[in-house]
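This report concerns only the one structure given below.
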Amino acid sequence: MSIETSTQRLRSVVDTLLDVSSLETGRMHYYTREYDFRAVCRSAIDQIRPKLEERDVTLVERVPDQPLPAMGDPDKLLRAMVHVLDNASKFTPTGGEVAVEVRAEGDDDLSFEVADSGPGVRPEHIARIMEPFYQVDGSVTRDHGGVGLGLAFARRVTEALGGGIEISSPPAGAVAERQLSGTLVELRVSRSPERPEMQSK
Ligand SMILES: Nc1ncnc2c1ncn2[C@@H]1O[C@H](COP(=O)(O)OP(=O)(O)OP(=O)(O)O)[C@@H](O)[C@H]1O
Ligand SMILES: [Mg+2]
């Protein structure tokens, strides 16, 4: 691993730790403004693309052509999306597949779905992996790196933005027309959440 890559990883772990600890103490601050949900999805996908290519994982994506204007904190949302994509990437073996679909549902809901062809998560673990520091298998996870905060962060951010996170394994439905065998993580947010800074705890 290059020094640059190690530094980037360390930075993202530190950022996540700061975010989660401030969320735990109720001191998470959301900088609410108008943003384009579609642009945030695109930049999350662009961040993960090289990692997938490096490992020969096929990426299938379906993103709408039109902008999807919303209110919220696009920086935190971007980090939440990158965490979910990072999981799909690291748990999917070489030669596997990751599918991403972005959708507007009804007038208010926006959805970002990521499915993978990795090992999946057993039903008894699904609720727990959204808790801070919970990892299914310490030994496997050491292989895969990380500290167990990505999904906890993604859950709190999406809840603060008037939505939430849903996980199914095997995936409850097709994503970008691909029915994969591993895990499906859906992040949902509202286009017009009520005062996100008040919902952090
Ligand atoms: N796509 C996935 N496929 C299989 N298991 C997963 C997947 N996503 C998450 N998990 C399980 O959930 C655990 C928690 O995920 P989470 O993203 O919160 O932490 P992490 O990836 O282990 O570390 P971090 O995100 O802090 O770098 C993982 O360690 C893994 O056991
Ligand atoms: Mg993770």
Side-chain angles (χ1 to χ4, degrees), residues 19 30-53 57-92 96-118 120-121 123 126-127 129-130 150-196 199-200:
D19 277 329
Y30 291 91
Y31 300 100
T32 303
R33 57 185 189 272
E34 209 177 300
Y35 71 98
D36 176 9
F37 185 79
R38 172 178 172 271
V40 177
C41 297
R42 279 222 166 286
S43 89
I45 296 169
D46 288 343
Q47 274 190 40
I48 211 76
R49 201 187 307 277
K51 273 193 192 173
L52 296 175
E53 279 169 6
V57 173
T58 306
L59 173 65
V60 180
E61 43 183 314
R62 195 195 244 191
V63 181
D65 295 330
Q66 311 301 325
L68 299 169
M71 288 296 289
D73 186 328
D75 302 321
K76 289 201 172 53
L77 185 58
L78 174 67
R79 293 248 288 286
M81 289 175 180
V82 170
H83 275 302
V84 171
L85 289 168
D86 183 60
N87 286 345
S89 161
K90 73 181 172 181
F91 289 105
T92 301
E97 189 171 329
V98 169
V100 184
E101 182 164 346
V102 177
R103 265 181 329 196
E105 284 171 352
D107 286 343
D108 195 57
D109 288 336
L110 298 168
S111 146
F112 177 80
E113 289 179 307
V114 179
D116 65 59
S117 68
V121 181
I126 286 191
I129 59 174
M130 288 177 263
L151 292 175
F153 175 76
R155 176 168 89 176
R156 281 170 177 77
V157 169
T158 50
E159 284 177 354
L161 297 181
I165 177 168
E166 224 154 279
I167 303 180
S168 57
S169 177
V175 173
E177 283 169 12
R178 304 291 301 147
Q179 183 68 58
L180 301 182
S181 54
T183 308
L184 164 56
V185 179
E186 179 186 19
L187 299 184
R188 271 175 300 101
V189 300
S190 160
R191 283 190 199 248
S192 49
E194 284 174 38
R195 312 262 324 255
Q199 295 182 5
S200 61

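All values derive from a computational prediction rather than experimental measurement.
Nearest heavy atoms, E101 versus A174: OE1-O, 4.4 Å. The two residues G162 and S190 come nearest to each other via the heavy atoms O-CB, 3.8 Å. Annotation for L59 and R49: closest pair CD2-NH1, 3.6 Å, computed over non-hydrogen atoms. Taking each heavy atom of L85 and V114 in turn, the nearest pair found is CD2-CG2, 3.7 Å.
For R188, the side chain to side chain donor-acceptor pair (under 3.5 Å) partners two or more places apart in sequence, or in a different chain, are E166. Considering only residues two or more places apart in sequence or on other chains, Q47 meets the side chain to side chain donor-acceptor pair (under 3.5 Å) condition with none of them. Q66 is linked by a side chain to side chain donor-acceptor pair (under 3.5 Å) to nothing, counting only residues two or more places apart in sequence or in another chain.
Looking at heavy atoms from C-beta onward, M71 lies in side-chain contact with P193 at the 4.5 angstrom threshold. M130 has its side chain within reach of I167: a pair of non-hydrogen atoms, C-beta onward, lies under 4.5 Å apart. Side-chain contact check for I48 versus D86: some heavy-atom pair is nearer than 4.5 Å. Taking the side chain as every heavy atom from C-beta outward, L161 and L77 approach each other to under 4.5 Å. A heavy-atom distance below 4.5 Å is found between the side chains of I165 and L151. In this structure, the side chains of P170 and S181 stay at 4.5 Å or more apart for every pair of heavy atoms.
Using a 4.0 Å cut-off between a side-chain N of Lys or Arg and a carboxylate O of Asp or Glu, R42 and D36 do not qualify as a salt bridge.
When only modelled atom types and interatomic distance are considered, S111 and E186 share a side-chain donor-acceptor pair under 3.5 Å.
R191 contributes no side-chain N or O that, together with a main-chain N or O of L110, makes up a donor-acceptor pair within less than 3.5 Å. No side-chain donor-acceptor contact under 3.5 Å links D116 to the backbone of V98. Between the side chain of S169 and the main chain of V121, a donor-acceptor pair closer than 3.5 Å is present.
The only option from V102, T158, V63, V40 that meets the side chain to side chain contact (heavy atoms under 4.5 Å, CB included) definition with F112 turns out to be V102.
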